[in-house]
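No experiment lies behind these values; they were computed from the predicted model shown. When a ligand or atom number is given, it counts from 1 through the structure's own listing order.
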Amino acid sequence: MFIRRRAPLREKITLITGANGEVGHGLIQHLAAANDTSDVVVLDLRGLDESMRGKVNRVIVGDILDNELINLLLNEYEIETIVHLAALLSTHSEFNPETAHRVNVQGTINLLKLAIEQGKSRGSPVKFIFPSSIAVYGMPDAETKQSAGAVKEEQYLYPITMYGCNKLYCEHLGRYYAQYYQQLSATRTLGVDFRCLRFPGLISAQTMPTGGTSDFAPEMLHAAVQGKPYASFVSEDSQIPFMVMPDAIKSLLMLVDAPQSQLKHYVYNVTSFSLSARQIADRVQASFPSAQITFEPDLARQAIVESWPLDVDDAAARQEWGWSPEYDADRAFNEYLIPTITHLYR
Ligand code: AKB
């Protein structure tokens, strides 16, 4: 007599890649505060900072390019949602374009494939949350940047950085895996439930970004609170849209929770406020009067910032899933950045 063994139930999890970065920290802290991390498994090349380790179900130190590891995850867990944060940011990517392509593009394909395989085995699509960036835009010149104002998702998609090209291509890959994957095979595979937000420059009071080109804003602030002089690598009038970390996490979780039936797009702009480097410096200086902020533009990095829009139009996110930021520029500085950072470095 044969006894049919029931396969042990696989644990249902949310997988966060690149969890040790800024957005990962913000997300885990937010979920932990709501006691909502028991199903969170994180994957990061550097593991997870010690202060955060106890907050999640499991920390895997590993590489999204490691196919064996991806297979292991496939077999061990029932992954319901993937929040794919792992990426090399824009400045880092310019120093190592081919590495950036491997991490940003091949890494994303590996995770999309993992999502497809998981979807097959569990019989319903895996949610795939992909943060993209204003780096997908490429404004042709300063006059167009000024006159275009808040740009829509489908406008000016001519990125000048490897990171921007990678993000734009991955947005298309997400759409392809969601809608057209194996479109010619006899048995169509379930797609992934791909959802993408384009973030503006992010500013956190708790962490410093590494390798981005919008970093002049957080760098100014973190230097001022520590009493260190700061030379901005962009000119005073350089302006792009920004968002503080709590709003970035809010938008990301709103997109996770949005009912599929309400989503008419794969890719959504989200933003909060748009400030020039001078306006940021003035706000920093108002709170830290002894801050020494100078402007010594690095022309190459400045050109990257110039290619990003002055502002983005996030009407689709507002209409389809109710997005609106909590923090305009005043609230961002007065109620989040300045008090939190002052407390942190006290
Ligand atoms: C970067 O500067 O590379 C990022 C971004 C704008 O996506 N912060």
Requested in this report: Specify side chain, backbone, both or neither for A135, according to which of its non-hydrogen atoms lie closer than 4.0 Å to ligand 1.
Outcome: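 For A135, there is no contact with ligand 1 at all, from either part.
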
Query raised in the report: Where does F199 meet ligand 1, judged by heavy-atom distances below 4.0 Å: at the side chain, the backbone, both, or neither?
Result: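 Neither; no heavy atom under 4.0 Å.
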
**Report entry** Short side-chain to backbone donor-acceptor contact, K12 and I79, under 3.5 Å
**Finding:**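 Checking the backbone N and O of I79 against the side chain of K12, no donor-acceptor pair under 3.5 Å is found.
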
Requested in this report: Using a strict 4.0 Å cut-off to heavy atoms of S90, name the atoms of ligand 1 that fall inside it.
Outcome: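 So the atoms of ligand 1 that pass are 1 (C), 2 (O), 3 (O).
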
Query raised in the report: For ligand 1, which atoms have a heavy atom of S133 less than 4.0 angstrom away?
Result: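 Atoms satisfying the 4.0 Å criterion: 5 (C), 6 (C), 7 (O).
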
Out of curiosity, [X] [atom1] to [Y] [atom2], how far, rounded to the nearest 0.5 Å?
| X | Y | atom1 | atom2 | result |
| --- | --- | --- | --- | --- |
| M243 | L202 | CE | CG | 7.0 Å |
| D237 | Q146 | CG | CD | 8.5 Å |
| R122 | Y77 | CZ | OH | 15.5 Å |
| R195 | F130 | CZ | CZ | 16.0 Å |

Are any of the N or O atoms of [X] closer than 3.5 Å to those of ligand 1?
| X | answer |
| --- | --- |
| T213 | yes |
| T91 | no |
| D215 | no |

Query raised in the report: Are R301 and F233 in a cation-pi setup, meaning NZ or CZ lies under 6.0 angstrom from the ring centre and within 45 degrees of the ring axis?
Result: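 Verdict for F233: a cation-pi partner in R301.
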
Query raised in the report: Counting heavy atoms only, which of P241, S214, G212 is nearest atom 8 (N) of ligand 1?
Result: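 The nearest heavy atom belongs to S214.
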
